[in-house]
Protein chains: 2
Amino acid sequence: MTEGAARLRQPSMADVARTAGVSAQTVSRALRGSPNVNPETKRRVLAAVDQIGYRFNSAARALSSGRSHTIGLVLLASGGYYSRSAVTAGVEAAAGEAGYAVSIATIAALDTGLMERSLSKLADQGVDGFVIAVPLISVTPKMEDITRDIPTVTLDGSRTAGARVLGIDQQEAGRVATQHLLDLGHRQVWHISGPDEWIEARQRRQGWQECLAAAGIEAPPPLEGDWSPDSGYRQGQIIAMIPDVTAVFVASDEMAFGVIRALRERGRSVPDDVSIVSVDDIALAAYGSPPLTTVRQDFYRYGAAAVALLLRGDDAGVDESVVTASLSVRASTAPPRSG
Amino acid sequence: MTEGAARLRQPSMADVARTAGVSAQTVSRALRGSPNVNPETKRRVLAAVDQIGYRFNSAARALSSGRSHTIGLVLLASGGYYSRSAVTAGVEAAAGEAGYAVSIATIAALDTGLMERSLSKLADQGVDGFVIAVPLISVTPKMEDITRDIPTVTLDGSRTAGARVLGIDQQEAGRVATQHLLDLGHRQVWHISGPDEWIEARQRRQGWQECLAAAGIEAPPPLEGDWSPDSGYRQGQIIAMIPDVTAVFVASDEMAFGVIRALRERGRSVPDDVSIVSVDDIALAAYGSPPLTTVRQDFYRYGAAAVALLLRGDDAGVDESVVTASLSVRASTAPPRSG
DNA sequence: TGAGCGTATGTTATCGATGCCATGAGTAAC
DNA sequence: GTTACTCATGGCATCGATAACATACGCTCA
């Protein structure tokens, strides 16, 4: 009964209520900004909170309200650390603004089992929604079960039960890049794409194909990398062996670094012999040699937009497009030698 | 009273108990792997879980057990997306393995107020521990209050009340880099450091200074960047104006890209005129031109080690060092021209 | 003036898992 | 054969916030 004994327990709403001389319910209302609270009462409650150092218990809130105010973000460990990082920041910023926490799950590889496990893990954590920034190669029944129950937004265009899709127009990126090369006077444009499992990769490739088709050019067979500089290097070696290649559209900046190195090593200069356009505009793009001409991607904004779409509620199943493909023209492109 | 009506509520432990013909308490024990459960009973429980699709409610668990099984990770939005990304992945992997979720908070800039807010936010979410991967420029009383109550590991060597420190020996990185240049025959090594608020930056600089001192060389004044390629470019322009510079130790790969470009533009070739060593070994380091000689940093491992240290409990206040600075020698370094 | 309504507040039951204590069955020891 | 102890299990209170319902007051308008 030592009233003065050190208090080990964190103060609770009841403690605040006692201090402020109101009921716990009123404290709850005051703190959540319910309209029906006397301003004076609210002031007293806030003062009490401050005085006793109250910090609200989100577990209790989650239990009684049934909502955790947490968003689960699913990422892929491989596949460009830049985009991952930027998407994460965007998601977190938008979520934080709306009072949501962000819990992450990274999957090591594009594998259905790993994906199921990650979704499960986040679902067990009680997330209120998912942002999936990984291509859903194939959607299993188990995954559908989860995304049917929990609102989901996918960032790469893959569809699953109940999920909404943040449509980023990657075809446009492909078109813009290809058109830039054609505008410079190139008569043919080769392509090194990302892995075929990625919808981004497929869409960029489609944009490239369409653009060539519109110009009446038959597209050469596309080569495929895995987003890594290393894979770009390998595909670049192949390109270097093909005569008459004057322009290549590479699906990511990191691969482009590899491609350029491979071309250089074979005596093909960029941009004098071969022009390169890529996609992403990472911080280092301006510091390649030559600096890369590239289609800017605003990953931060994509992340934020995904959260906005997720939280907006089920008012519409409408997809939404946020991209505006803008080209950063630098020094990796030039008119072909013979004009 | 329509027993057959669709069940909207998620199944709870009580439902599992009913199905398996045991008490809820036994279900709880069975699922958490308590030793005192009959294997047969356990089997029945697991079968019931499977049958009715039970998914445990982490909010309820957190409330009654007082622990959320969540780790809060604090990151800085600027300052190298590669390290951020890799640290995150490492933290998440190690946490996941131990049954912990990871909740992130990114702060936009090195600002005490932002830091306080982020820690608060995570504390409100009820995280069981912090991994702070941001330099704590100055530790405020409010921050101390939080880190005193909640176990904390800092990844960059800054100290706060009750926090343990994962000591990564960045001095060693500085020494290794500098020594490599001296071994090649350079008589003087310049340095472009990271921002002074970062302990990493300070430690690398110290390592560089010590190494020079040990060789009886007086260190030139260090230049300071902000980790970005852009800042490397600006400092590189300054370096380029100084005659007789033959070797530079740059505190990060990204800055090194900028430095090399600046030197090139001023007609100084790398590595013929100037050798460059940096730190990090990001994926693109091998694809710079020239490919960068750089000290490898295993950020993923740092992240994982931080979690291990955090979860190991308070058995010791001992710091722990996990770094082994290993040099990736590539083409940005060479003996000085005059031998 | 009293029915009706809106506002501010209190009371109680509830969310779902777990901590603590109790119980009964089996078994080893004296 | 009683004591003592372990193992498997159940009952109940509890964590802290909130939803749902209840109450009290004051105002408006017929």
Side-chain angles (χ1 to χ4, degrees), chain A residues 7-46 48-49 52-70 99 101 123-128 149, chain B residues 7-46 48-49 52-70 99 101 123-128 149:
Chain A
R7 140 166 287 151
L8 290 171
R9 197 169 50 77
Q10 287 279 81
S12 79
M13 223 169 222
D15 300 317
V16 176
R18 207 168 310 122
T19 308
V22 295
S23 76
Q25 183 57 226
T26 300
V27 173
S28 170
R29 278 190 280 247
L31 293 182
R32 280 181 306 155
S34 155
N36 297 343
V37 174
N38 188 311
E40 162 59 15
T41 306
K42 185 164 178 177
R43 204 194 47 68
R44 281 221 316 279
V45 169
L46 292 178
V49 164
I52 68 177
Y54 167 72
R55 156 151 291 155
F56 94 118
N57 182 320
S58 64
R61 165 188 290 207
L63 179 59
S64 70
S65 73
R67 311 200 307 129
S68 66
H69 283 263
T70 298
D124 281 347
Q125 289 168 30
V127 299
D128 290 337
D149 286 350
Chain B
R7 138 166 289 151
L8 290 171
R9 196 169 51 80
Q10 287 279 81
S12 79
M13 227 171 220
D15 300 316
V16 176
R18 207 168 307 122
T19 310
V22 295
S23 75
Q25 182 56 226
T26 300
V27 173
S28 170
R29 275 190 283 248
L31 292 183
R32 277 181 307 155
S34 156
N36 298 344
V37 175
N38 189 312
E40 162 59 15
T41 307
K42 185 165 179 175
R43 206 195 45 68
R44 281 220 318 278
V45 169
L46 292 179
V49 164
I52 68 176
Y54 168 73
R55 157 151 288 155
F56 93 116
N57 182 318
S58 63
R61 164 186 290 207
L63 180 59
S64 70
S65 72
R67 310 201 307 126
S68 66
H69 283 262
T70 298
D124 282 347
Q125 288 167 30
V127 299
D128 290 337
D149 287 348

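Each chain gets a letter, A, B and so on, in the order the sequences are listed, and its residues count up from 1.
The heavy-atom pair separating S58(B) from G126(A) by the smallest distance is OG-N, 4.1 Å.
No donor-acceptor pair closer than 3.5 Å links the side chain of T70(A) to the backbone N or O of A101(A).
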Item to check | Residues M13(B), F56(B); criterion side chain to side chain contact (heavy atoms under 4.5 Å, CB included); working and verdict | outcome: CA-CA 7 Å; M13(B) 227 171 220; F56(B) 93 116; 5.6 Å; no
Checklist entry - Can you check side chain to side chain contact (heavy atoms under 4.5 Å, CB included) on L46(A) and L31(A), steps first, answer last? => result CA-CA 8 Å; L46(A) 292 178; L31(A) 293 182; 3.8 Å; yes
Extract from the structure each pairing of a protein N or O with an N or O of nucleotides 7-15 of chain C at less than 3.5 Å, listing the distance.
residue: dT9(C); atom: OP1; partner: T41(A); partner atom: OG1; Å: 2.5
residue: dT9(C); atom: OP2; partner: N38(A); partner atom: N; Å: 2.9
residue: dT9(C); atom: OP2; partner: T41(A); partner atom: OG1; Å: 3.3
residue: dG10(C); atom: OP2; partner: S23(A); partner atom: N; Å: 2.7
residue: dG10(C); atom: OP2; partner: S23(A); partner atom: OG; Å: 2.9
residue: dG10(C); atom: OP2; partner: T26(A); partner atom: OG1; Å: 2.6
residue: dG10(C); atom: N7; partner: R29(A); partner atom: NH2; Å: 3.0

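Between I52(B) atom CD1 and Q10(B) atom CD the span is 10.5 Å, to the nearest 0.5 Å. Here the NE2-CG distance, from H69(B) to D124(A), works out to 12.5 Å after rounding to the nearest 0.5 Å.
Between the C1' atom of dG16(C) and the CZ atom of R32(B) lies a distance of 13 Å, rounded to the nearest Å. One interatomic measurement links the two molecules: CZ of R67(A) to P of dA17(D), which rounds to 18 Å at whole-angstrom precision. Rounded to whole Å, the distance from CZ on R43(B) to P on dT9(D) is 13 Å. Separating the CD atom of Q10(A) from the C1' atom of dT14(D) is a distance of 18 Å, rounded to the nearest angstrom. Going from atom CZ of F56(B) over to atom P of dG16(C) covers 14 Å, rounded to whole Å.
Contact annotation: R55(A) does not reach the phosphate of dA17(D) (side-chain N/O to OP1 or OP2, under 4.0 Å).
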